[in-house]
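For reference, the structure discussed in these notes is given below.
Scope of the values below: all heavy atoms of this structure, side chains included, with no hydrogens, waters or symmetry mates.
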Amino acid sequence: GEVLNYRLYLPKDLPAGKKLPLVLFLHGAGERGSDNSSQLKHGVLSLIRYGTATNDPAILLVPQCPDNQQWVNVPWGAKSHTMPPEPSLPMRLALALLREKMASLPVDPARVYVTGVSMGGYGTWDAVQREPSLFAAALPVCGGGDTACAPALKGIPIWTFHGDKDGAVPVERSRDMFQALTACGGKVQYREYPGAGHDVWTRTYSDPSVLAWLFAQRRPPSSP
């Protein structure tokens, strides 16, 4: 009986039988609401344009978190957090929606990705911590995760981004996750933008090398 608005981008004129990558995109706090359009403000167009330019289009799944709710029920300004035992309602619905679309659309299960900004950066870490077997890679932008979960993520390629002058989400959140994953042998990269504030997503998603890295990641075949 719960409701989660979302937008879906499905490329046109697909060859029969072709399987596509899918990107779950989690927006930031400023795009919450019920208009089912504000969540398209950042990043989404860049992902669509990249897929068109490279002839490797992706299905984009872009849910909208309702007003006064969060992808992860933790304070954004805290220096650390422990992953809540249960996902927030919007995150639970987003993960259920993802599984539904993976089952009903021509999705390549080896190429399912999650990315997001700010509140959605927290959501990206939370999603991959809760469902590591779903994702081929994660690209969290100016968010933070639970460093105690790093060992469970060490097999998943992750590239995280932050500005060192971020006044909304402490830069230590990305630094600490990078250090925790590095310490346990994780497949992690970190780009810190010197002098940059909170908005580092514009330059991140407009960088073709970042998107090329994301779409190059694939989950290894499952063991028989």
Side-chain angles (χ1 to χ4, degrees), residues 23-32 39 41-43 63 65 68-88 90-92 94-95 113-132 134-135 137-207 210-211 213-214 217:
V23 180
L24 174 63
F25 185 93
L26 301 174
H27 65 78
E31 293 76 62
R32 288 178 292 184
Q39 75 268 35
K41 185 176 181 180
H42 300 299
C65 185
N68 303 313
Q69 296 191 50
Q70 299 177 203
W71 297 124
V72 193
N73 291 326
V74 297
W76 302 314
K79 293 295 180 72
S80 67
H81 77 264
T82 298
M83 185 177 70
E86 298 297 327
S88 70
M91 177 58 71
R92 179 168 61 80
L95 291 173
Y113 311 109
V114 59
T115 186
V117 305
S118 191
M119 180 183 79
Y122 279 93
T124 299
W125 284 112
D126 194 69
V128 78
Q129 287 168 186
R130 295 184 187 280
E131 298 282 358
L134 277 184
F135 299 106
L139 204 157
V141 182
C142 55
D146 181 352
T147 54
C149 295
L153 306 181
K154 67 179 184 179
I156 302 169
I158 297 173
W159 195 354
T160 187
F161 302 79
H162 222 116
D164 69 353
K165 303 300 183 188
D166 193 324
V169 177
V171 66
E172 289 81 8
R173 299 311 310 268
S174 289
R175 290 174 180 172
D176 290 349
M177 288 304 296
F178 173 69
Q179 291 169 1
L181 282 161
T182 300
C184 68
K187 300 177 181 179
V188 63
Q189 301 179 67
Y190 175 42
R191 178 184 291 178
E192 187 169 297
Y193 297 99
H198 193 46
D199 175 8
V200 296
W201 49 82
T202 300
R203 67 182 85 180
T204 297
Y205 291 115
S206 62
D207 185 341
V210 172
L211 301 187
W213 173 87
L214 180 66
Q217 308 308 316

Pairing residues for Arg130 by the side chain to side chain donor-acceptor pair (under 3.5 Å) criterion, not counting sequence neighbours: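 For Arg130 the side chain to side chain donor-acceptor pair (under 3.5 Å) partners, ignoring immediate neighbours, are Asp126.
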Could you list the residues that satisfy side chain to side chain donor-acceptor pair (under 3.5 Å) with Arg175, not counting sequence neighbours?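 With sequence neighbours excluded, Arg175 shows a side chain to side chain donor-acceptor pair (under 3.5 Å) to Glu192, given in chain and number order.
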Side chains of [X] and [Y]: does their closest heavy-atom pair fall under 4.5 Å?
X      : Y      : answer
Leu139 : Thr124 : no
Thr204 : Arg191 : no
Gln70  : Met119 : yes

Quick one: does any side-chain atom of [X] pair with a main-chain N or O of [Y] as donor and acceptor, under 3.5 Å?
X      : Y      : value
Gln217 : Leu214 : no
Tyr190 : Met177 : no
Arg203 : Val200 : no

May I have the step-by-step check of side chain to side chain contact (heavy atoms under 4.5 Å, CB included) for His42 and His27, ending in yes or no? CA-CA 7 Å; His42 300 299; His27 65 78; over 6 Å; no
Partner of Asp146 by side chain to side chain contact (heavy atoms under 4.5 Å, CB included), out of Asp176, Thr82, Val72, Val74: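 Testing each of Asp176, Thr82, Val72, Val74 against Asp146, the sole residue satisfying side chain to side chain contact (heavy atoms under 4.5 Å, CB included) is Thr82.
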[atom2] on [Y] to [atom1] on [X], rounded to 0.5 Å:
X      : Y      : atom1 : atom2 : answer
Thr147 : Gln179 : OG1   : CD    : 10.0 Å
Asp164 : Glu172 : CG    : CD    : 10.0 Å
Cys184 : Lys154 : SG    : NZ    : 6.0 Å
Trp76  : Asp166 : CH2   : CG    : 13.0 Å

Might you point out which heavy atoms bring [X] and [Y] nearest each other, and give the distance in Å?
X      : Y      : result
Pro140 : Gly121 : CB-O, 3.9 Å
Trp71  : Ser88  : O-OG, 2.8 Å
Leu153 : Val128 : CD2-O, 3.3 Å
Gly143 : His162 : O-CE1, 3.8 Å
Pro63  : Leu24  : CD-CD1, 3.8 Å
Gly145 : Gln129 : CA-OE1, 3.5 Å

Under the side chain to side chain donor-acceptor pair (under 3.5 Å) criterion, do Tyr205 and Thr115 qualify, and how do the steps go? CA-CA 10 Å; Tyr205 291 115; Thr115 186; 2.7 Å; yes
Before you tell me yes or no, could you show the steps for Cys142 and Trp201 under side chain to side chain contact (heavy atoms under 4.5 Å, CB included), namely the whole-Å CA-CA distance, both residues' side-chain angles and the distance that decides it to 0.1 Å? CA-CA 8 Å; Cys142 55; Trp201 49 82; 3.7 Å; yes
Partners of Glu131 by salt bridge (Lys or Arg N to Asp or Glu O under 4.0 Å), sequence neighbours excluded?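 Counting only residues at least two positions away or on another chain, Glu131 forms a salt bridge (Lys or Arg N to Asp or Glu O under 4.0 Å) with Arg99.
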Which label fits Trp159 and Trp213: parallel for a plane angle under 30°, tilted from 30 to 60°, or perpendicular past 60°?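 Judged by the thresholds at 30° and 60°, the geometry between Trp159 and Trp213 is perpendicular.
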Determine, stepwise, if the pair Arg173 / His81 fulfils side chain to side chain contact (heavy atoms under 4.5 Å, CB included). CA-CA 9 Å; Arg173 299 311 310 268; His81 77 264; 2.8 Å; yes
